Amino acid sequence: MTDKTTDDKLDPRSIDIIKEVINMGLGEAADALSQLVNNRVIIKVPDVHIMNIREAKSYIKDEVENLGIYIAQDFTGIIQGKTLLFYTQECGRSLLKTIYGDKKKVQTITETGMSTLNEIGNIIMVSYISAISNFIDGKIKFSIPNVSLEISTRYFENLLDEMEELDKVIVVKNEMRIKSENIQGYLFVLLSFENFMVVVENLQKRALGK
Amino acid sequence: MQTSLSYILNEGLSLGVIQIDMNYNIVSINSFVKRHSKNDWNSLIGQNILEMFPDICSRGKDQYIRKVIEDGQANILSPFIHQYIVPFDIVKKDVVLPMVQETRIYPLHEDSIQTGALIIIRDMTEQLLNENEIASLTMDLNAIRKINQLMVKAEDREELFKGVCSVLINDTDSLLVWIVGVGDFEELYFPVICEGEESRIFTDIISSHRNVQTKLDITRHAIKTGDVAVSFRLENDPAFENWWSLCKDLACQSTLALPLKCEGKIDSVLHIHRNEETTISQESLELFRELANDISFCLDQFYNKELRLEAESILRNEKERLRITLRGIGDGVIATDRDGSVVLVNRVAEELTGWTEQEAIGRNIGDVFHIINEYTRKPCFSPVERVLQTGGIIGLANHTALIAKDGVERVIADSGAPIRDDYGQIIGVVLVFRDISQQSRLAQEMLKIQRLESIGLLAGGIAHDFNNILSVITGNISFAMTRYTNDAELQEVFADVEAATNRAKDLTHQLLTFAKGGAPIKRIISINGIIRESARFVARGSNVRVIFNEPPELKSTSADQGQISQVIQNLVLNSVQAMPEGGEITINAENTRVEEQDNLPIKSGSYIKITIQDNGMGIPPKHMQKVFDPFFTTKQKGSGLGLATAFSIIKRHNGHISAQSIQGEGTTFEVYLPSVEEMEDDVTRKEPGTHQGKGKILVMDDEKPLCKMFDRMFEKLGYNAHFAKNGQEAIIKYREALDRNAPYDLVILDLTIPGGMGGKETVRHLKEIDPNVKAVVSSGYSNDPVMSDYLDYGFAGVMPKPVSMTELVHLLKSILEQ
């Protein structure tokens, strides 16, 4: 994990705490999803990166496929920001397949499918962000997420362009297994520099007693 | 009309909106909710939503509302996972269905304090149905796309049927797919194919009911109407109740029967069973109709392909049969296309032209079939062009020679005919030809033989008369020699005359032998002199030198002197002709013994081996096998009879002749003749007049001078000669003498009496009269079988004419002194 815009307060220990908190969110998400699909959901320990806007753009270019499903959700409260959940179309269909089972063959992502992805995305994103807010004892409210099928990374780049240079992106590369399907996705938490620092300071205060 | 926000929210949205307070009591609802709620909408206001709709709690969906109220977190509940939150109904046609909903629940705040929640309900029922239908149509479309790909790849109907069933089972929601075949009289044959989990049970069901008219009513309906038949179990379709009674244990709820046509007739019926409980959409039905049409089109293609393959097979077999027939026939056959390019060459044509079919195909006929006039040597007009020009059957002119690839020339007989297609158009030419070289040569040789026979007859006649004349001269000279023994000068004159008449006699014999051949009159002879004389006679006047190597102790042989002479002459002549620039011929004669291991086609024993070797051009190896064949010659003017005659003569002498040759070095002929130990007394060297006998001799001859000569000769030898002109007279005289008890001691009978009974028949009569008669046959025709096998004909001896005194003495002694 690298952070070229090194801040004195963002030491490796703080980053470890953030990862730990996100892992707690992961557990929450797995529980919620298990209930929803009525099946066991395993989420592997995610690969977490914290990067600035420039790095994030480069990362997306290298890692993320053009054609994909974005589920976006805004949150407000002690911190404000936006979470984005990204799945490739293939993974999106696999995710729906695990929900539908044999009842329905998933060939395209329909409106019903998008509604389902919205509900799943809501569960996953709320789980992660709630883990953070719970840890820092701050209330966070979420909007209802919105799914969009995109054929280019332009959507994401546009979101990044609206942010300031020092703002931060927490990237959580995760992989979950539901039934026999492996579904890989990316969770992006977009925070302004100030909001990010609120998180860091609160985490340090809580965990390290600084 | 003025529209306020509350009016829009109330009336203008196709969404259900329910506002609740923090105690879950309903604060307000919009008209969408009122329309779809079973409850009296006025009674809803102020009521606890969870109590008013207990279904929410019983399905555990209250947690999502509570979460919004308690945690202030907005929530979304998707239709597929939850179906609905607040139980509303919708009426579709006559059916009342639960509304499928997407529900969003937002916390409501007033001055930053949450006052309740807003539940927004979106009816997704139609959406879900449409999506399912689209998904189903998409599946069907994808399956049809796959089937279309199959149609391109499938080799036959079985592969297609199997593929169709497999795709429909694996790629659509079909539970069971099967195809039943339809016979000419609409009888069903099964199974064609059956795919699906229950295929085994189903196969049994269909197999046992396939031709019970009332059972497979859905299949019969599809055959009868020629259109897709559809039926649903739940609709209790009375039209196909028999069908559903058969399927009572199967999971399928709907059946489609698609008639598949081939050449306009129902060929088979494709059945698709699904678990769909509702009507199959019109779009799906159209897709399946299209599928049936596509499969039918493919069946047409297979049928046409089968017909084409069958036709091709018949054509191929016919072609093969024709090819085998053409290759098997004894004449050469070459077929060309319209441009004269060779398309077929049979085996005989390959042999005659020297071109293999593989080499010849595609070449111009002129390259392969190169013909010239045998005599003018000019190329003949192409028979293919003539056939194409005339459009009729043509024959080749006489004396057409085919020049083979290796240069060998053959005289051929040929005909050409056009090959026409079904419309009578000429599409090629066929040439049929055969090698008539042998027949042509045979015809020429037959002419030659006929000519020779004519000459032979003429020569025979001349020789007969000439012999008689010579007999008179010889007899009288030898008689004269006995009378004037004291006059040496006269004796020398007589001797010269006798020698000259002997040479004339030999010439007459040679003439007869050349003319007619014949069985050898074997006598034990020494052949030294014969070899020398014959060889010199042939080589005389040529630039060839003959060298003789013969031991003085060379044994005798039993042979016809004239014929052996002819053999030597023919062999030496062959050698002379092989050395046009001159050379040497070496003739060796030696005594030899042939043993079994020598591998010669003659009996083991003693032989005289005569070797005639030249240093001429030699004989090519390919001709070596044929040198003794009649009419085989490489010489422009050769008859091809010389070596054949030699072979024939040596064979008749129980001998053997062979040839070895090295091209450019020369040829060697080897002749084996059986040898004998004893040399017969050479009667020609015997002194005349040493015999003095007595008795009666009857001479039958039509020539008066001869009779006079015999009279003088017999008188001189002490005999009393009587004469008869023919057989009849001889018989009478012999019988009279016998009756008088004064029989003849010897009878000399001329073999041929013009216009009368000859010697052969006369002796037969005489033998009847007197079995002990001693008769001698006399003739100038020494080649007559009676002369060589006289004992078989009842004669005691033979007397070739002309005869000298010495020969007569020898004859009388050999017969009368026995």
Side-chain angles (χ1 to χ4, degrees), chain A residues 28 31-39 71-78 83 85 93 95-130 133-134 138-147 178, chain B residues 60-61 63-64 67-68 70-85 100-109 112 114 117-143 145 170-175 275-276:
Chain A
E28 294 272 334
D31 278 350
L33 278 175
S34 292
Q35 278 180 30
L36 192 73
V37 300
N38 207 17
N39 220 303
I71 307 164
Q73 186 171 41
D74 294 329
F75 57 89
T76 55
I78 186 170
T83 52
L85 198 55
R93 281 198 294 272
L95 189 56
L96 289 176
K97 210 167 140 187
T98 61
I99 310 287
Y100 297 158
D102 292 334
K103 291 180 198 167
K104 192 173 174 181
K105 288 191 178 168
V106 182
Q107 286 162 325
T108 52
I109 296 180
T110 61
E111 201 160 345
T112 315
M114 284 167 81
S115 178
T116 310
L117 287 174
N118 259 332
E119 188 173 351
I120 295 167
N122 187 44
I123 292 166
I124 293 170
M125 290 187 288
V126 167
S127 300
Y128 280 113
I129 300 303
S130 295
S133 69
N134 289 343
K139 282 271 179 195
I140 292 179
K141 304 255 180 264
F142 299 92
S143 70
I144 285 185
N146 191 26
V147 174
I178 309 172
Chain B
K61 302 299 177 187
Q63 61 171 311
Y64 300 104
K67 204 167 183 178
V68 177
E70 289 165 16
D71 297 344
Q73 294 291 0
N75 220 332
I76 178 168
L77 305 170
S78 61
F80 195 84
I81 295 173
H82 303 279
Q83 294 291 304
Y84 61 91
I85 299 296
V100 180
Q101 305 163 359
E102 180 196 73
T103 308
R104 292 170 184 243
I105 310 169
Y106 295 92
L108 271 178
H109 293 87
S112 302
Q114 186 176 349
L118 194 67
I119 301 167
I120 298 173
I121 297 163
R122 183 179 166 202
D123 178 6
M124 297 286 277
T125 314
E126 196 69 26
Q127 174 72 27
L128 202 62
L129 283 172
N130 286 341
E131 280 182 17
N132 283 341
E133 196 175 316
I134 287 167
S136 181
L137 276 172
T138 307
M139 272 196 293
D140 291 344
L141 266 173
N142 284 340
R145 198 184 68 212
N170 295 325
D171 292 56
T172 69
D173 282 336
S174 307
L175 295 173
N275 205 14
E276 285 167 9

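Order of the sequence lines sets the chain letters (A, B, ...), proteins ahead of strands, with each chain counted from 1. Because the structure is a prediction, the values reported are computed rather than measured.
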Compare every heavy atom of B/Ile81 with every heavy atom of A/Glu119, then report the nearest pair and how far apart it is.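 That would be OE1-CD1, 3.8 Å.
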
So which heavy atom on B/Tyr64 is nearest to which on A/Leu36, and how close?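 Closest pair (atom of B/Tyr64, atom of A/Leu36, distance): OH-CD1, 4.4 Å.
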
Rounded to the nearest 0.5 Å, how far apart are [atom1] of [X] and [atom2] of [Y]?
| X | Y | atom1 | atom2 | value |
| --- | --- | --- | --- | --- |
| B/Gln101 | A/Ser115 | CD | OG | 11.5 Å |
| B/Ser78 | A/Asn122 | OG | CG | 10.5 Å |
| B/Asn75 | A/Asn118 | CG | CG | 11.0 Å |
| A/Glu111 | B/Arg122 | CD | CZ | 4.0 Å |

Relative to chain A, which segment of B/Asp71 carries a heavy atom at a distance below 4.5 Å: side chain, backbone, both, or neither?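 Backbone only.
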
Chain A contact via B/Ile105 - side chain, backbone, both or neither, heavy atoms under 4.5 Å: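 Just the backbone, heavy atoms under 4.5 Å.
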
Would you say that A/Thr116 contacts B/His82 through its side chain, given a criterion of any heavy-atom pair below 4.5 Å between the two side chains?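 A side-chain contact is absent here, since even the closest heavy-atom pair is not under 4.5 Å.
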
Check for a donor-acceptor pair, side chain of B/Glu131 on one end and backbone N or O of A/Thr112 on the other, with a separation under 3.5 Å.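 Between the backbone of A/Thr112 and the side chain of B/Glu131 there is a qualifying donor-acceptor contact (under 3.5 Å).
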
